[in-house]
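Remarks on the structure that follows.
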2 protein chains.
Amino acid sequence: MNIKNFKYDEVGLNRFFGPLEANIMEYLWDKDEQSIKAVQQSLELDKPINFNTVMTVMNRLVEKGFLEKRSEGRLSLFRPVQSKEEFLEEQSKKLTENLLDEFGGAVISHMLDAMKDADQGLIEKLEQKIQSLKKDKL
Amino acid sequence: MNIKNFKYDEVGLNRFFGPLEANIMEYLWDKDEQSIKAVQQSLELDKPINFNTVMTVMNRLVEKGFLEKRSEGRLSLFRPVQSKEEFLEEQSKKLTENLLDEFGGAVISHMLDAMKDADQGLIEKLEQKIQSLKKDKL
DNA sequence: ACCTCCCACTACAAATTGTAGTGGAAATCA
DNA sequence: TGATTTCCACTACAATTTGTAGTGGGAGGT
């Protein structure tokens, strides 16, 4: 259940997974528990994809701890161990901590630089967070 | 010259490079322009390492744009394209931007959480930075 | 002419991810 | 019941990345 890499040049789930893996996770996060067939058929709508290919990758996602597998008779059902929200929360937290550990203050500066052109709301939020932090400190 | 992955479970340069690559970059950042032989001999102090192995990896670092190669007669000299500081600055910036793009406000929260136990001064600094940002916005 | 040093070229191995064939066992159908 | 379809396990292969190293050629010294 441990992501190893954060990919600079991808977006969304593709930053954490391979493209097929990402599509599978996305689908299961949307639909919860599903059979291989259901996943394959859904992916098939986009482009042809072999049943066995989907099965292999889903089983690998089980091995890696991202999916849970359950047998219902001869049918195998798969579902995500975490919700998408939990997953993204965990990853963003780990990455933030990693970044702060590794680069400390530089990250803060970069963050503020990036925010300057961006979201006013974010700055407000940040300010409030800081206020509550300061209260906690007292 | 583009790093692809940021590795969660490594530290320092090993987050961006393979272990041998990282050792080579580290050495060249310390010693600037050097021959393969020099690099190999230095790495050899730690553990046996084949000359050709070092050469191959150094040439790959050139292909990837992290090193520059220069010929002096029959000798090849290698040196980093960026300073270590420039490199780390660029990476931490890219990562921070990526993170903010991808996760927005969640990153801020995580960052403040992580900082809570840490530096009070940092929080002050952050607050001031925010104040000046807010003024700029008006 | 020989030997040594340096490099180019080539190849292989492990890991990761996508791909898909073969075959077996279970369910369905004729 | 026998044939066919469905689903899965097992296996294998390809490309990529990174580390590893052999072979051989050319340049320079002795």
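Values below: every heavy atom of this structure, side chains too, minus hydrogens, waters and symmetry copies. In the text below, chain A, chain B and the rest are named by the order of the sequence lines, each starting its count at 1.
- No donor-acceptor pair closer than 3.5 Å links the side chain of A/Glu33 to the backbone N or O of A/Phe78.
- Contact of B/Arg74 with C/dC5 (side chain to base): a donor-acceptor pair of N or O atoms is detected under 3.5 Å.
- Atom CG in A/Leu75 sits about 11 Å away from atom P in C/dA27, given to the nearest Å.
- Remark: B/Glu72 engages B/Arg70 in a salt bridge, criterion side-chain N to carboxylate O under 4.0 Å.
- Using modelled atom types, one side-chain atom of A/Arg15 and one backbone atom of A/Lys7 make a donor-acceptor pair closer than 3.5 Å.
- A straight line from CG of B/Leu13 to P of D/dT18 spans 14 Å, rounded to a whole angstrom.
- With rounding to whole Å, B/Gln41 atom CD is found 13 Å from C/dC6 atom C1'.
- Between A/Leu77 atom CG and D/dC7 atom P there is a gap of 11 Å when expressed in whole angstrom units.
- As a whole-Å value, the separation of B/Phe51 CZ from C/dC6 C1' is 5 Å.
- Aromatic ring centres of A/Phe6 and B/Tyr8: separated by at least 6.0 Å.
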Please produce a list of atom pairs where a protein N or O lies less than 3.5 Å from an N or O of nucleotides 15-19 of chain C.
from: C/dT16; atom 1: OP1; to: A/Lys4; atom 2: NZ; distance (Å): 2.5
from: C/dT17; atom 1: OP2; to: A/Lys64; atom 2: NZ; distance (Å): 2.6
from: C/dG18; atom 1: OP1; to: A/Pro19; atom 2: N; distance (Å): 2.5
from: C/dG18; atom 1: OP1; to: A/Leu20; atom 2: N; distance (Å): 2.8
from: C/dG18; atom 1: N7; to: A/Arg60; atom 2: NH1; distance (Å): 2.7
from: C/dG18; atom 1: O6; to: A/Arg60; atom 2: NH2; distance (Å): 3.1

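- A donor-acceptor pair under 3.5 Å is formed between the side chain of A/Glu86 and the backbone N or O of A/Ser83.
- Note: NZ (B/Lys37) to C1' (D/dA27) measures 16 Å, nearest angstrom.
- Atom CD of B/Glu63 and atom C1' of D/dG19 are 15 Å apart (whole Å).
- Between A/Asn59 and the phosphate of D/dC8, there is no side-chain N or O to OP1/OP2 separation shorter than 4.0 Å.
- Between B/Lys84 and B/Glu26 there is a salt bridge, since at least one side-chain N of the basic residue sits less than 4.0 Å from a carboxylate O of the acidic one.
- Between the P atom of C/dA27 and the CD atom of A/Glu72 lies a distance of 13 Å, rounded to the nearest Å.
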